[in-house]
Amino acid sequence: MVYYFNSLKVLDHLVSRLLNKKVLVTGSAQGIGLAVAQLFIDNGARVFLSDINDELGQKETNLLGDNAQYLHLDVSQEQDWIDVADKIKKLDVVINNAGITGFFESSGPHDPENLDMTSWHKVHQTNLDGVALGCKYGIAMMKDSTAASIVNISSRSGIVGIPAATAYASSKAAVRNHTKSVALYCAEQGYNIRCNSIHPGAILTPMWDAMLGEGDARVEAIKNVAADVPLKTMGEPLDVAYAALFLASDESKYITGIELNIDGGILAGSTATPK
Ligand code: NAP
């Protein structure tokens with residue numbers, strides 16, 4: 001009988017948790033997506049990085065060695081997915097990570113009373129259509145895999161209301177639900193494809209740059225965000241990447257349709273103590 005604690009197996013497993021897996025990560029020129037790509041390559045995967053920021057994406061990919069390849073992919077454009085699927089053909093893992101708040105990519109208010117529909121559509125096209133297309137073409141590329149995994153990056157904002165960012169919150173809530181439909185559909189069809197969502201909160205990435213400002217103001221702003229997190233610090237992209245690694249690997253082979261919060265405890269509830 002092979003025990004789980006066979007030391008050689010554990011050692012092998014620790015250095016190659018994604019050995020021979022072919023992975024696509026969207027929005028991976030920077031931030032969480034780039035950390036995922038780096039960690040997955042360190043764990044034996046061959047990774048296709050992709051983004052709309054081709055210059056930065058190609059530059060970062062060049063630093064990652066022979067197991068990294070860059071492809072242009074605007075997740076909101078179905079033709080881009082068709083082109084990418086045509087190039088990659090077969091995959092084991094898709095990390096649907098690309099996402100925008102809409103604050104800088106579109107103009108107009110984001111509160112429920114005054115929302116601007118152009119902004120609303122832009123956010124949903126990227127965050128929701130992008131994930132739906134990633135699941136559609138991901139399934140097409142992974143049908144023949146014996147152990148495939150889709151990981152959708154939603155947000156803590158997909159679980160609670162965010163009055164100042166309604167489009168973002170709505171799109172991320174839809175990702176949360178779509179993940180479960182995909183998980184059940186793949187199971188019903190007998191595909192070996194699992195699908196789960198990750199819900200980050202307060203992860204320090206370039207997405208925050210414009211909101212945090214620069215210099216002393218940035219240091220102060222980070223302190224203020226951290227003060228509202230139960231663990232009293234902002235998270236790092238690697239905190240999310242390690243969760244994605246677990247859900248992408250065969251270690252999570254009995255897990256599909258779940259939500260994994262990576263948020264320093266924000267979603268655990270109010271930190272207010274009874275008076
Ligand atoms: P980030 O630093 O802004 O990186 C996101 C990357 O996606 C950027 O390179 C961006 O390019 C790219 N992108 C934007 N639109 C795209 C499109 N249509 N197709 C392909 N790529 C596109 O963001 P992040 O913080 O790493 O966030 C990654 C994911 O985590 C997002 O889905 C985000 O909503 C989610 N998330 C983040 C946090 C957090 O605290 N950071 C919290 C909850 C959820 P440009 O820079 O050129 O736009």
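Just so you know, these numbers use all the heavy atoms, side chains as well, and skip hydrogens, waters and symmetry mates. Remember, it's 1-based here, ligands and their atoms both numbered in the order they're listed.
Shortest contact from atom 34 (O) of ligand 1 to any protein heavy atom: Y168 OH, 2.7 Å. Scanning all protein heavy atoms for the shortest distance to atom 18 (N) of ligand 1 gives D74 OD1, 2.9 Å. Protein heavy atom in closest approach to atom 47 (O) of ligand 1: N53 CB, 3.8 Å. Nearest protein heavy-atom neighbour of atom 24 (P) of ligand 1: T205 OG1, 3.5 Å. Taking atom 29 (C) of ligand 1 as the reference point, the nearest protein heavy-atom neighbour is N97 O, 3.1 Å. Among protein heavy atoms, atom 42 (C) of ligand 1 sits closest to P200 O, 3.6 Å. Ranking the protein heavy atoms by distance from atom 7 (O) of ligand 1 puts G27 CA, 3.4 Å first. For atom 21 (N) of ligand 1, the nearest non-hydrogen atom of the protein is A98 CB, 3.5 Å.
Scanning M207, Q30, M234 for the heavy atom closest to atom 8 (C) of ligand 1 points to Q30. Looking at I95, D263, I52, D54 and measuring to atom 22 (C) of ligand 1, the nearest heavy atom belongs to I52. Heavy-atom proximity to atom 30 (O) of ligand 1, evaluated over T26, V131, I153, D80, is greatest for I153.
A distance of 6.0 Å or more separates the ring centres of H110 and Y168.
Residues T101 and M207 have side chains in contact (heavy-atom distance under 4.5 Å, counting atoms from C-beta outward). At a threshold of 4.5 Å between non-hydrogen side-chain atoms, the residues V84 and S50 do not count as touching.
Contact annotation for P237 and ligand 1: no heavy atom of the residue comes within less than 4.0 Å of the ligand. Contacts between H199 and ligand 1, counted as non-hydrogen atom pairs separated by less than 4.0 Å, are absent for every part of the residue. With a 4.0 Å cut-off on non-hydrogen atoms, A202 touches ligand 1 through its backbone and not its side chain. Within the 4.0 Å heavy-atom criterion, neither part of L56 lies near ligand 1.
Contact detail for L91 and F48: the closest heavy-atom pair is CD2-CD1, 4.4 Å. Among all heavy-atom pairs drawn from I193 and C186, the shortest one is O-CB, 3.3 Å. Here the closest non-hydrogen pair linking G264 and V229 is O-CG1, 3.6 Å. Heavy-atom minimum distance, A248 versus S149: CA-OG, 3.7 Å.
Close N/O approach between E105 and ligand 1 is not found [any backbone or side-chain N/O within under 3.5 Å]. Checked by distance only, ligand 1 and D51 come closer than 3.5 Å through their nitrogen or oxygen atoms. For ligand 1, the polar-atom distance check finds an N/O of I32 within less than 3.5 Å of one of the ligand's N/O atoms. Residue contacts with ligand 1: S76 is placed with no nitrogen or oxygen under 3.5 Å of a nitrogen or oxygen of the ligand (distance criterion only). Residue V75 places at least one N or O, backbone or side chain, under 3.5 Å from an N or O of ligand 1. Between W208 and ligand 1, an N or O atom pair is found at a separation short of 3.5 Å. Residue G201 has no N or O atom closer than 3.5 Å to an N or O atom of ligand 1.
Atoms of ligand 1 found under 4.0 Å from any heavy atom of L73, numbered from 1 in the order shown, are 19 (N), 20 (C). When each atom of ligand 1 is checked for a heavy atom of S155 under 4.0 Å away, the hits are 43 (C), 44 (C). The S154 neighbourhood of ligand 1 comprises atoms 35 (C), 44 (C), with distances under 4.0 Å to a heavy atom of that residue. Short contacts between ligand 1 and I100, defined as distances under 4.0 Å to a heavy atom of the residue, involve ligand atoms 14 (C), 15 (N). Contact atoms of ligand 1 toward T126: 15 (N), 18 (N) (distance under 4.0 Å to a heavy atom of the residue). Taking a cut-off of under 4.0 Å to the non-hydrogen atoms of G99, the atoms of ligand 1 that pass are 31 (C), 32 (O). Every atom of ligand 1 is numbered from 1 in the order shown, and the set under 4.0 Å from a heavy atom of G31 is 2 (O), 26 (O).
Under the 3.5 Å distance criterion, the side-chain polar atoms of N97 are matched with a main-chain donor or acceptor of G27. At distances below 3.5 Å, at least one donor-acceptor pair connects side-chain atoms of E105 with backbone N or O atoms of G102. Between the K232 side chain and the A227 main chain, a donor and an acceptor come within less than 3.5 Å of each other.
Considering I95, V151, V93 as possible partners of L247, the one that fulfils the side-chain contact (heavy atoms from CB on, under 4.5 Å) test is V151.
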*Step by step, would you call V94 with V23 a side chain to side chain contact (heavy atoms under 4.5 Å, CB included)?*
CA-CA 6 Å; V94 176; V23 179; over 6 Å; no

_Stepwise side chain to side chain contact (heavy atoms under 4.5 Å, CB included) test for V25 and V47_ = CA-CA 7 Å; V25 189; V47 176; 3.9 Å; yes

*Step by step, work out the side chain to side chain contact (heavy atoms under 4.5 Å, CB included) result for L260 and H199.*
CA-CA 6 Å; L260 185 49; H199 299 259; 5.9 Å; no

*Can you list the steps and then say if L71 with D51 is a side chain to side chain contact (heavy atoms under 4.5 Å, CB included)?*
CA-CA 7 Å; L71 298 169; D51 207 286; over 6 Å; no

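For S157, the closest heavy-atom approach to ligand 1 does not fall below 4.0 Å. The shell of residues lying under 4.0 angstrom from ligand 1, judged by heavy atoms, excludes G130.
Taking the charged nitrogens against the carboxylate oxygens, D250 and R17 have no contact shorter than 4.0 Å, which rules out a salt bridge.
Side chains of Q38 and D42: a donor-acceptor N/O pair is absent below 3.5 angstrom, by distance only.
By the 30° and 60° cut-offs, the orientation of the rings of Y185 relative to Y191 is perpendicular.
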